[in-house]
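What follows is a set of notes on a single structure, which appears directly below.
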Amino acid sequence: MGTMLSLTAVAVAMASGTDDCVSPDYDTAPRDRFALCDRAIAERPPGKPAAALYAARGTALHEMGEDDRAIADYDRAVDLNPSDSYSLYNRALLYHKGEQFHFAIEDYTRSLKLRGDNIDAYINRGDAHFQRHEVDDALRDFSHADRLDSAKPEALARRGLAYAAIGDRRHAEDDFRVVRMRDAANATMFRGEALLCLQSGDHNGALFYLNALLDRKPGDTWAIAALADTYARLGQAEKAQQVMTQFGQTTRKR
């Protein structure tokens with residue numbers, strides 16, 4: 001049920017560096033930035049700090065989808081500069097993506113101790129806690145993120161989804177009511193509302209929210225499976241097959 005707010009690496013230009021690797025043009029393709037950083041690391045004069053170079057190369061690898069190599073570079077960056085909150089956060093994202101939730105939580109926590117205003121880190125750490133069935137910790141993180149910036153609805157939507165997943169309908173509906181006023185098309189809210197409908201046997205309501213969710217996120221595998229299952233439960237086997245065919249093709253293209 002959990003989905004991270006974002007898997008996008010956070011890149012930061014280091015004011016102390018003049019290398020194209022460290023302070024690049026971020027319109028440059030990640031592979032080209034990787035090449036710049038790879039060369040900068042290979043040609044680095046003895047004694048010149050390397051942490052920022054490894055962090056920047058790790059970010060390029062991260063964006064290229066080279067997760068293991070990116071983690072290795074983030075490891076080097078953090079070993080050389082334990083105060084690098086951005087490399088800690090980016091490494092947490094990759095651990096999270098790989099479902100190594102314990103390591104993700106450790107890195108989110110270390111990053112937050114250095115940069116406590118990172119709302120995404122609280123939301124993603126909350127999701128990682130929820131994946132480990134640490135519901136109280138998850139709810140605490142979502143609540144704190146909402147307090148940091150109540151104008152953005154995502155933290156509250158995640159809290160509502162967590163409440164829905166544990167069957168706490170009243171608190172889930174309370175959160176979704178507020179989210180709806182801030183963002184009536186919030187995808188996380190649609191997911192939570194669909195879940196509440198499925199739990200109560202409201203198949204028509206579930207169809208409405210699942211289709212709304214898939215309009216926003218066509219590749220959402222949970223929504224695809226739930227939509228097909230709901231049609232099947234309503235005796236609409238042909239419609240269920242159409243859903244799997246249509247959205248299955250969308251997922252394979254991603």
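Clustering ILVMFWY residues whenever any of their side-chain heavy atoms sit less than 4.5 angstrom apart, transitively, puts Leu93 in the very cluster that holds Tyr86. Leu36 and Leu61 are assigned to two separate hydrophobic clusters, defined by single-linkage of ILVMFWY side chains at heavy-atom distances under 4.5 Å. Follow the hydrophobic side-chain contacts under 4.5 Å out from Met64 and you never reach Tyr54; the two are in separate clusters. Hydrophobic clustering (ILVMFWY, side-chain heavy atoms < 4.5 Å, transitive): Tyr108 and Val78 are in distinct clusters. Linking Ile, Leu, Val, Met, Phe, Trp and Tyr residues whenever their side-chain heavy atoms come within less than 4.5 Å places Tyr209 and Leu234 in a single cluster.
Distance check, rounded to the nearest 0.5 Å: CD of Glu63 to CZ of Phe34 gives 13.0 Å. Residue Gln100 holds its CD atom at 10.5 Å from NE2 of His102, rounded to the nearest 0.5 Å. The distance from atom CG of Leu161 to atom CD of Glu193, rounded to the nearest 0.5 Å, is 10.5 Å. Here the straight-line distance linking atom OH of Tyr95 with atom CD1 of Ile71 works out to 5.0 Å at 0.5 Å rounding. Here Phe208 contributes atom CZ and Asp202 contributes atom CG; the two are 11.5 Å apart, rounded to the nearest 0.5 Å. In this structure, CG on Asp174 lies 9.0 Å from OH on Tyr163, to the nearest 0.5 angstrom.
Minimum interatomic distance between Leu114 and Ser85 (heavy atoms only, all atoms of both residues): CB-CB, 3.7 Å. Pairing each heavy atom of Glu134 with each of His129, the nearest pair is OE1-ND1, 2.5 Å. Among all heavy-atom pairs drawn from Asn81 and Ala51, the shortest one is CB-CB, 3.8 Å. Between Ser143 and Arg159, the shortest heavy-atom contact is OG-NH1, 2.9 Å. Across all non-hydrogen atoms, the minimal contact from Ala226 to Leu198 is CB-CD1, 4.2 Å. Trp222 and Ala194 make their closest contact through CH2-CB, 4.3 Å (heavy atoms, listed as atom of the first residue, atom of the second, distance).
Of the listed residues (Asp84, Asp75, Asp73), just one forms a side-chain hydrogen bond (donor to acceptor under 3.5 Å, both in side chains) with Arg91, and that residue is Asp75. When each of Asp215, Leu214, Leu213 is tested with Phe190 by the rule side chain to side chain contact (heavy atoms under 4.5 Å, CB included), just one qualifies, namely Leu213. The salt bridge (charged side-chain N to carboxylate O under 4.0 Å, His left out) test with Asp38 singles out one residue from Arg57, Arg33, Arg69, Arg44, and that residue is Arg57.
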Stepwise side chain to side chain contact (heavy atoms under 4.5 Å, CB included) test for Leu88 and Tyr74
CA-CA 7 Å; Leu88 285 164; Tyr74 291 145; over 6 Å; no
Practice prompt. Tell me, with the steps shown, if Glu99 and Gln131 meet side chain to side chain contact (heavy atoms under 4.5 Å, CB included).
Written response: CA-CA 9 Å; Glu99 299 186 355; Gln131 299 302 317; over 6 Å; no
**Request:** Determine, step by step, whether Tyr122 and Phe142 satisfy the side chain to side chain contact (heavy atoms under 4.5 Å, CB included) criterion, reporting the C-alpha distance in whole Å, the side-chain angles of both residues, the deciding distance to 0.1 Å, and the verdict.
**Result:** CA-CA 7 Å; Tyr122 280 108; Phe142 295 143; over 6 Å; no
Is there a side-chain hydrogen bond (donor to acceptor under 3.5 Å, both in side chains) between Asn124 and His96 once you walk through the steps? CA-CA 8 Å; Asn124 285 334; His96 199 149; 5.0 Å; no
Derivation and outcome, side chain to side chain contact (heavy atoms under 4.5 Å, CB included), residues Thr245 and Gln242
CA-CA 5 Å; Thr245 300; Gln242 288 175 356; 5.7 Å; no
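Around atom CZ of Arg115, more than 12 heavy atoms belonging to other residues, nucleotides or ligands sit under 6.0 Å away. Around the CZ atom of Arg31, the shell of radius 6.0 Å holds no more than 12 heavy atoms that belong to other residues, nucleotides or ligands.
Contact check on Arg158 versus Glu154 returns a salt bridge, with a Lys/Arg side-chain nitrogen under 4.0 Å from an Asp/Glu carboxylate oxygen.
The disulfide (SG to SG under 2.5 Å) analysis of residues 35-132, with sequence neighbours excluded, yields the pairs Cys21-Cys37.
Looking at heavy atoms from C-beta onward, Asp175 lies out of side-chain contact with Asp146 at the 4.5 angstrom threshold. Residues Tyr231 and Leu207 have side chains in contact (heavy-atom distance under 4.5 Å, counting atoms from C-beta outward).
With hydrogens and angles ignored, the 3.5 Å screen pairs a side-chain donor or acceptor of Ser200 with a backbone N or O of Cys197. No side-chain donor-acceptor contact under 3.5 Å links Arg76 to the backbone of Gly58. Although no hydrogens or angles enter the test, the distance criterion places a donor-acceptor pair under 3.5 Å between the side chain of Thr109 and the main chain of Ile105.
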